[in-house]
Every structure is written in C-alpha cells, then in structure tokens.
Amino acid sequence: MADLYLHDWRGWTPHRVADGEPRLDTRDKPAGTAVPSMLRRRLNLVGRAVCDMLAAIDPDADSLVLHASRHGDGERTLEMLYGLDEGEPLSPARFGLSVHNATVGVYSIASGNRRSQQAIAASGGEWAALIAESRGYLADHHSSLVVIFSDQPVPPRFAAYAPESFSAAVALRLGREPVEGARRLTETPMAVDDPTLQPLDIIDWLMGLRQRVACPMSRRGWQLANLPS
Amino acid sequence: MATTALEHELKEMIIETLELEDVTPDDIDPEEPLFVEGLGLDSIDALELGLALQKRYGITLESEAESSRQHFANLKSLAALVESRRQK
C-alpha cells in the first residue's frame, strides 16, 4: 500500500500539556476567531476548535476537507430527541447544527471554501475511514487534503453505552508526495486489541507520545517516520 | 428615546435565545433593523424568535411572510406585536 505523507497538523484538547508544541492548543475554550461571531455563536467548543484549526492549516480555504466524528454533537442531538418525546417544539438553530456536517458547513460559509467536504461517522473506525477516504481522493488527482477527527464526551445519560471519551480535535494535512518537514505515514495490517481510537490518541501519536496507532475494527496500524533531510 | 420595560425584556430574550455573544441590551437600538443590517440576524434566527414568542407569550405567528416581516422589522414593532397579542 502506498505511503502517505503528513505535511502538517493542528490539535486542540484541554486534556494535555502543550510542552512547547505550537501546533497544539490546550485552552479550555478555543477562541473560534476564524469564524465571525454571528456564526461562531452556534458552534460548540469542538466546532470552534475545528474552525480555528482549519483556518490555520488551510489559510487559502482551498482544500478538500474530510471530517470524522464518532458521536458528533451528541449533546444537541440526543437532548432534542428527549425534547420531542416530551412534546417540546424543536429549536431550529439547534436542529440545524445537530447534523453531522454542521461544523464544516459553518466553516465553508465563513471561509468561502467551496471544495468537496465529507462528514464521516464509523462507529469507532473513524481514523481508518479517514485514511481510506483520503487514499481515494489522493488517487483521484488531488495532491493533498485536510482530514479532521473530533469528538467530545457522550452526554452523561448515555455514557454507560460508549467508551469514555474526551474533548479533542485534530486536523492533518495529508499528501501523496513529501514536502519539506513532512513525515511518512505507513499503514500495515495489525490485529490488535487496542481501545477504539479517539482524537486524543492521534494527538498523542503526533506529539511522539506513542509509537503507533491501531484500529481493532479495521485491523490496521499506522506509524510515522521522519524523512531523511 | 427611553426603552420601555417590555422592550428591555425583549432585548434580553433576543440575546439569550439567539446566544448573541458580545451583545448587550444597550447595543440593540429599538428602531434599528433586527435582520440583515442592524443587528444582523438571519432566517434561522427568525424561526428561533418565533418559537420564543410562542413559548413565552403564547403568540402564534401566521405564516404569511409580509406581516411577519413587519412584526420583526425592529424591536419597537416586536414590542407592539407582543403588547397586542400576548396570551400570557
């Protein structure tokens, strides 16, 4: 399988220390300044982080964007369902922002990016799905694209049904060819019993805190290697 | 021009319901347009505001666009609507 190249990345999570890494934002509340306040008000914290990261990693707003999230905005979506059950009218704004592609939709409005965007939920296989989709786009004459992986804790009354998750988001620019400062991303078959991959795991991997990440569902593993200078 | 108690109440309702960041009641001029220019609200805000009026004052707006446009023109017209049609 052809290698991919990691050109650049950005991350957000309040659950890690940046330790001098400028690409990692660890503030409790991301600024969200990439989006005007009249649009920003409708984004949750993860959504604000995603838009800020996109502005940083794709300043020309001209990249394909793939966005994966296992649960999306579970808080809004599930609470709306309970509201419906109790006969309450739906909030139009909350309904509009509960869809899985809401965040990248807001980003496209704010940035003017009219390239393809894709929203993915894969029941725990989000990272593997992002890489598989990336390979497809890169094979289809695109030289690079941006992938985003974000999630937030599942609402408390559903927490027992899902692995514990943490607020985190990560954006990576992947390409077919190396560029200066890029790292090679290799993928190999790997039968593992690791916990489901979450955005925080990808941040740890990018920070060098773990050597590889692996997806038990797709039985694949990924490693990063520096390129000879 | 002095703001009436109802106008002030509506300002707070608009800020809270529409989650307007960095906007205070003083920033909303009762005679400035609420939508597009002026405060800069959009069509989703109009739906959200209609829902808030229904919940808080028991006002159900007719679907006819022109009358809604007049009611939502600015804070003063919104206050006039609430005053004349409130059920609670």
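A, B, ... follow the sequence lines: proteins, then strands. Residue 1 opens every chain.
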Near-ring test A:Trp127/A:Trp205, centroid separation under 6.0 angstrom: yes
Using non-hydrogen atoms only, which part of B:Leu18 is less than 4.5 Å away from chain A: side chain, backbone, both, or neither? both
Checking side-chain polar atoms at under 3.5 Å, does A:Ser69 have a donor or acceptor matched by the opposite partner on A:Asp151? yes
In terms of heavy-atom pairs under 4.5 Å, which option from B:Val23, B:Asp45, B:Thr17 contacts chain A the most? B:Asp45
For the CG atom of A:Asp201 and the CG atom of A:Leu209, what is their distance to the nearest 0.5 Å? 11.0 Å
Quick one: what part of B:Leu47 sits under 4.5 Å from any heavy atom of chain A, side chain, backbone, both or neither? both
Can you tell me if A:Ser150 and A:His67 form a side-chain donor-acceptor pair at under 3.5 Å? yes
